Amino acid sequence: MDLLPIIVVVSFFQLVVIRQPFPDLGQILLGGLFVVLGLMLFIEGLELGLFPIGEAMANALARKGSLLWLLVFSFLLGFSTTIAEPALIAVAGEAARIATGSGLLADDPALAERYSMGLRLTVALSVGFAIVLGVIRILKGWPIYYLIIGGYILVMAMTFFAPKEILGLAFDSGGVTTSTITVPLVTALGVGLSSTIKGRSPLLDGFGLIAFASLLPIIFVIGYGLIWF
Amino acid sequence: MDFLRTLLGTMGDVAPIVVLLVFFQLAVLRQPIPHLPRVLLGGIYVVLGLSLFLLGLEKALFPLGKIMATQLSSPDFVGGEGAELSDWTRYYWVYIFAALVGFSTSIAEPSVIAVALKAQEVSAGTISQRGLRLTVAMGVSVALALGTYRIVAGHSLTAFILVGYLVVTVQTILAPKSMVPLAYDSGGVTTSTVTVPLVAALGLGLSSVVPGRDPAIDGFGLIAIACLFPIISVLGYAQIADLKFKLYNKKRKKDEVQTDDGSGQA
């Protein structure tokens, strides 16, 4: 059911617009079956495993009453899942090639390596801080829009100073940071915290962690570009 | 064999999270995890499911989608040469393809499903997961059509993003506040496992065909726009729903007043 739109779109374009038969139809059908089965298992696993453990951790940490441990946990959740994220590794490597190609970086493999590793660290740090900031927001009950719109204004201001070559990458890096396993855990953390703390509503306060995790990398990566170039 | 490789890859991705969770349970919280067997089973389901999902995508959809993206943006298909290739109206199939791919991949995106399920649970069913996913998918669809047009026409990405920020800001002031955090979140989750590889292929293909575009610089930016538009569409949906609700209440009040008058006279 979830895959119906993809199948319709792909078949329509293959048969009507490009007018070519499917290459290797058996392989494609098998792949489609894997995708459906995988998605079903994943959703089942979300409800059984990821959501409960995320909320259980949030509850336990909130009841323990140690702000420090809660923030350490939040930071590590953001940092550790991002630094190993395959999409980010790919993007960082690509970015180093671009910077070398456009002459921003000297043509030196070791330098490119340092640049892309620095980029990954920057993004991972920013996601860690984003979750920490989001958790503090939930604890304090600040309205989210002041922080996000404040962030937008900061991004707008920074774009005037930033080198053009880093902007596309910076804007995109916000989108690639949140992986499929991080999202359910982080969502459960937010909702779990806001339902444990008195006076917070899960809908109004529980969501929003991912929003920070997509905004802060933009700011950090532009900053990284400003420092390097 | 392929499955084992993908499975190992997924386990590698999950490892840091498992280490973190185990460390906190054992060293900091020092208490057993409630319903441990069930949680473990869920974790196994997630890893297995994600591996199957990725393998299926790699076998079926990605090669096909990438071939299509390249074919649709190839000079032969666009039908022109030289300066004609700069004419943005020639690429209409690309915009349609981008819009439809954006829509259909967002419907199947596991991260979007996760947030939508949670939103439905938290709002006690007021927000339907299907409705939210459809709204997000529509946002991504418009975003990708506009994003591919931007690559062809060569407009500045920064201008697009800044205008998007302005729209979100204005909407935030007007929209019902309870939907704002969820709307902001739906921006970050749309571009994940399914969408990114296909969209990247489309961006790179396009920017290497259109004269004067540099894949290195113009290939970026589709993801950024795809992250912004779901915020706008979800906020817009909330505004429409809110407006309808207010109109309905107004009408009901009016009706009530009228019946009151009626009973008063009788």
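Chain naming here is simple, since letters A, B, ... match the order of the sequence lines and numbering starts at 1 in each. Since the structure is predicted, the reported quantities are computational estimates derived from the model, not experimental observations.
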Side chain, backbone, both or neither of V8(A) within contact of chain B (heavy atoms, under 4.5 Å): neither

Comparing I148(A), L167(A), L77(A) against chain B, the one with the most heavy-atom pairs below 4.5 Å turns out to be I148(A)

Structural part of I83(A) lying under 4.5 Å from a heavy atom of chain B: neither

Within this structure, what is the CG-CG distance for the pair L182(B) and L203(A), rounded to the nearest 0.5 Å? 6.5 Å

Which atoms of A226(B) approach chain A - backbone, side chain, both or neither, heavy atom under 4.5 Å: neither

What closest approach, in Å, do E47(A) and R38(B) show between heavy atoms, and which atom pair accounts for it? O-NH2, 4.5 Å

Within this structure, what is the CZ-OH distance for the pair F207(A) and Y184(B), rounded to the nearest 0.5 Å? 15.5 Å

If you count heavy-atom pairs under 4.5 Å with chain A, which of I113(B), L157(B), V122(B), L162(B) comes out on top? V122(B)

Assert top hit (heavy-atom pairs under 4.5 Å, partner chain A, pool D185(B), L228(B), L21(B)) equals D185(B)

In the structure I gave you, are the side-chain heavy atoms of I153(A) and Y165(B) within less than 4.5 Å of one another anywhere? no

Partner chain A: residue of V19(B), V28(B), V47(B) with the largest heavy-atom pair count (under 4.5 Å): V28(B)

From the options V186(A), T182(A), V183(A), T187(A), select the one residue that forms a side chain to side chain contact (heavy atoms under 4.5 Å, CB included) with V189(B). V183(A)

Surrounding CE of M11(B) (heavy atoms of other residues, nucleotides or ligands, distance under 6.0 Å), is the total greater than 12? no

Which distance, rounded to the nearest 0.5 Å, do you find between the CD1 of I223(B) and the OG of S214(A)? 12.5 Å

Most heavy-atom pairs under 4.5 angstrom with chain B, which of P143(A), G168(A), S201(A)? G168(A)

Against chain B, label A60(A) side chain, backbone, both or neither, depending on which of its atoms sit under 4.5 Å from a heavy atom there. both

In terms of heavy-atom proximity below 4.5 Å to chain B, should I149(A) be classed as side chain, backbone, both, or neither? side chain

Is L117(B) close to chain A through its backbone or its side chain, or both, or neither, when contacts mean heavy atoms under 4.5 Å? side chain

Locate the shortest heavy-atom distance separating I144(A) from P181(B); write the atom from each residue and the value. CG2-CG, 3.9 Å

Atom pair CE/CG of M156(A) and L166(B) - distance to nearest 0.5 Å: 4.5 Å

dist K118(B):NZ -> L50(A):CG (nearest 0.5 Å) comes out at 10.5 Å

Closest approach of P5(A) to I107(B) (non-hydrogen atoms, all atoms of both residues): CG-CG2, 4.3 Å

Under 4.5 Å from any heavy atom of chain B, what part of L33(A) do you find: side chain, backbone, both or neither? neither

When S186(B), G9(B), C227(B), A108(B) are compared by non-hydrogen pairs under 4.5 Å with chain A, the top option: A108(B)

Between V35(A) and chain B, with a heavy-atom cut-off of 4.5 Å, which part of the residue counts as in contact: side chain, backbone, both or neither? both

Heavy-atom distances under 4.5 Å only: say whether F12(A) touches chain B with side chain, backbone, both or neither. side chain

Of all heavy-atom pairs linking V9(A) and S104(B), the shortest is CG2-OG, 3.9 Å

I need the residue from L30(A), V36(A), V155(A) with the largest number of non-hydrogen atom pairs under 4.5 Å to chain B. V155(A)

Heavy-atom side-chain contact between F24(B) and V72(A) under 4.5 Å: yes

If you round to the nearest 0.5 Å, how far is OH of Y145(A) from OG1 of T172(B)? 9.5 Å

Quick one, L41(A) with F53(B), criterion side-chain contact (heavy atoms from CB on, under 4.5 Å). Give me CA distance, side-chain angles, the key distance, then yes/no. CA-CA 9 Å; L41(A) 266 177; F53(B) 183 74; over 6 Å; no

Sort L39(A) into side chain, backbone, both or neither according to what part of it lies under 4.5 angstrom from a heavy atom of chain B. both

Which heavy atom in P110(B) sits nearest to a heavy atom in F42(A), and how many Å separate them? CB-CE2, 3.5 Å

Using non-hydrogen atoms only, which part of I43(A) is less than 4.5 Å away from chain B: side chain, backbone, both, or neither? side chain

In short, Y45(B) meets L48(A) closest at the heavy-atom pair CE2-CD1, 3.8 Å

Under 4.5 Å from a heavy atom of chain A, the part of V168(B) involved: side chain

Can you tell which of I44(B), I231(B), T169(B) has the highest number of heavy-atom pairs within less than 4.5 Å of chain A? T169(B)

Any idea which of I210(A), I218(A), L215(A) has the most non-hydrogen atom pairs under 4.5 angstrom with chain B? I210(A)

Among I173(B), V180(B), I225(B), I161(B), which has the most heavy-atom pairs under 4.5 Å with chain A? I161(B)

Between L29(A) and chain B, which part of the residue has a heavy atom less than 4.5 Å away: side chain, backbone, both or neither? neither

